[in-house]
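Worksheet: one structure, shown below.
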Protein chains: 2
Amino acid sequence: MNKQQQRSEETRTRLLKAAETSFAQHGFDATGVAKICQVAGVTKGAFYHHFSSKQEIFLELFRRWLEGLESQMTNLREETVSVPEELLSMSGLIQEVLQAAEDQLPIYLEFWTRAMRDPTVMQALIDPFHRYRDLFSEMISEGISEGTLKKVHPETTAKLILALALGLLIQGLIDPRGDDWQRVTQESLQILLTGLRER
Amino acid sequence: MNKQQQRSEETRTRLLKAAETSFAQHGFDATGVAKICQVAGVTKGAFYHHFSSKQEIFLELFRRWLEGLESQMTNLREETVSVPEELLSMSGLIQEVLQAAEDQLPIYLEFWTRAMRDPTVMQALIDPFHRYRDLFSEMISEGISEGTLKKVHPETTAKLILALALGLLIQGLIDPRGDDWQRVTQESLQILLTGLRER
DNA sequence: ATATACATACCAACCGGTCGGTATTGTATG
DNA sequence: CATACAATACCGACCGGTTGGTATGTATAT
């Protein structure tokens, strides 16, 4: 890699990093491009050299986040054996998501909110989201055919599980240190599995 | 109430109504005070006569929403008999929330996002939220002592149920016409109850 | 007469994005 | 190896437009 390319890439990541924390702290609208540049230690010229608009740097962050999530989920699937076990190990994933971001968790909400207004962002959200759902749906179907799960409707159950994950994440947002969400997730999944498991 | 008060109150509600739809459609930041006034059919003078800032009219809407939710929930509790039945009738409530707002659902997300930045809004959100949780917690405890529910941890289960409700709401936001969320909610609660019910 | 409820005109601040220019690195040529 | 040229990466002053909020005037009810 060139010296130039190297420098370029570094500024780019600095900008992304700066944008991420800024968006997380103050939201998309309240974060000026100038502020992002200041945090990144570059100028507007650099910014608009790398990104064509404020919207675009946001979308870039969004995509990266979704990609990370998806790869985590697929990794998960490969490591486990039975479906119920697989579901239980989900709690670890939720915990990871919660911890990974720490202070900048609100950016996820920002993603969501903006998706509601902007069709481009919405599409970027919906597609992976549906893939997650399908992934869960397949998991359920698998569990049914392997005889570890009751004969429930896979798609509905997938929605149920996703709802649980989303809801716990959001509650974790409100009450970050109030509770051991790892434990709550674990127990919740236990209860859920009691209703799902074939015995 | 005299003629002046009557007029005053009408403008106030018009402003609130206008703000609600505008915030829902375009978000807090993207909605100008001027636009709210235009929709309401009054001028800025009227606006700042009734509300000291844009933030304040937002908070007013927020409080009203939370109050509405809470009263709906307490109503629900009085009408039903056994706890499992009570939980099942929750699905109706979720459905109501989804329908009631229709186009302006995103405003709830707006509430949430702003709460993450603004301590005032956050407090206004957390307090009722904890009350909801306590309400559920009591429901569970009641169910346990009346012998219809297994001996689970009430608070954890309350979080689980709230998570489910929140998650389904959010998925409903993404996919408003994709599915019969009423049915999904119903079935999800069924599955959950299978894991909770004492038999 | 006086307070209330609103209208009008206006401002200072800010913000996303542009643009002409510069500095540094890479490359072709003699 | 030196020179000329080109491409890339970046700078920072600037602009048009918007916005929340204010100052002041006016009409109407009490």
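The figures that follow rest on heavy atoms only: side chains count, while hydrogens, waters and symmetry mates do not. A note on names: the letters A, B, ... follow the listed sequences, proteins ahead of strands, and every chain is numbered from 1.
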Quickly work out the A:Arg12 CZ to D:dT8 P distance and round it to whole Å.
15 Å
What's the closest nucleotide to the side chain of B:Ser53 if the choices are C:dC6, D:dG21, D:dG12?
D:dG21
Measuring from the side chain of A:Lys3 (C-beta onward, heavy atoms only), which nucleotide among D:dC11, C:dT8, C:dT25 has the closest atom?
C:dT25
When you measure from the side-chain N and O atoms of A:Asn2 to the phosphate of D:dT8, is any distance below 4.0 Å, counting only OP1 and OP2?
no
When rounded to the nearest 0.5 Å, the distance separating NE2 of A:His50 from CD of A:Glu60 is 12.0 Å
Just checking, is any N or O donor in the side chain of A:Thr113 or B:Thr113 under 3.5 Å from an acceptor N or O on the other one?
yes
Given A:Glu70, which of A:Arg131, A:Arg63, A:Arg133 fulfils the salt bridge (charged side-chain N to carboxylate O under 4.0 Å, His left out) condition?
A:Arg131
Considering the options A:Phe58, A:Phe28, A:Phe129, which one meets the ring pair (Phe, Tyr, Trp, His ring centres under 6.0 Å) requirement together with A:Phe111?
A:Phe58
Among the nucleotides D:dA29, D:dA9, D:dC11, whichever has the atom closest to the side chain of B:Gln4 is D:dA29
Please give, in whole Å, the distance from C:dA5 P to B:Arg14 CZ?
16 Å
Closest to the 5' end of DNA chain D, once B:Gln5 and B:Phe47 are matched to their nearest nucleotides, is B:Phe47
Please figure out whether A:Val33 or A:Gly45 has its closest DNA chain C nucleotide nearer the 5' end.
A:Val33
Report the relative orientation of the aromatic rings in B:Trp65 and B:Phe62; use parallel for angles under 30°, tilted for 30 to 60°, perpendicular for over 60°.
parallel
Length of the NE2-C1' vector between B:His50 and D:dG21, whole Å
17 Å
Look at the side chain of B:Lys44 and the base of D:dG21, then say whether one donor and one acceptor between them are separated by less than 3.5 Å.
yes
Would you mind reading off the distance between A:Lys54 atom NZ and C:dC14 atom P, rounded to a whole angstrom?
15 Å
Side chain of B:Tyr48, heavy atoms from C-beta onward: which of D:dC10, C:dG26, D:dT22 has the nearest atom to it?
D:dT22
Using a 3.5 Å distance criterion without hydrogens, assess whether the side chain of A:Asp118 forms a donor-acceptor pair with backbone atoms of A:Thr120.
yes
What is the distance from CZ of A:Phe51 to P of D:dA9, rounded to the nearest Å?
13 Å
Spacing between B:Phe58 atom CZ and D:dG20 atom P, to the nearest angstrom
14 Å
Could you tell me the separation between the CD1 atom of A:Ile36 and the P atom of D:dC11, rounded to a whole number of Å?
15 Å
Separation of D:dT18 atom P from B:His26 atom NE2, nearest Å, is 15 Å
Does the side chain of A:His49 get closer than 4.0 angstrom to OP1 or OP2 of D:dC11 through an N or O atom?
no
Do the side-chain N or O atoms of A:Ser8 get closer than 4.0 angstrom to the phosphate oxygens (OP1, OP2) of D:dA9?
yes
If the cut-off is 4.0 Å, is A:Thr11 near the phosphate of D:dC10, judged by side-chain N/O to OP1 or OP2?
yes
Reckon A:Thr31 touches a base, only the sugar-phosphate, or nothing at all at heavy-atom distances under 4.0 Å?
sugar-phosphate
Contact under 4.0 Å: A:Arg7 side-chain N or O vs D:dC10 OP1/OP2:
yes
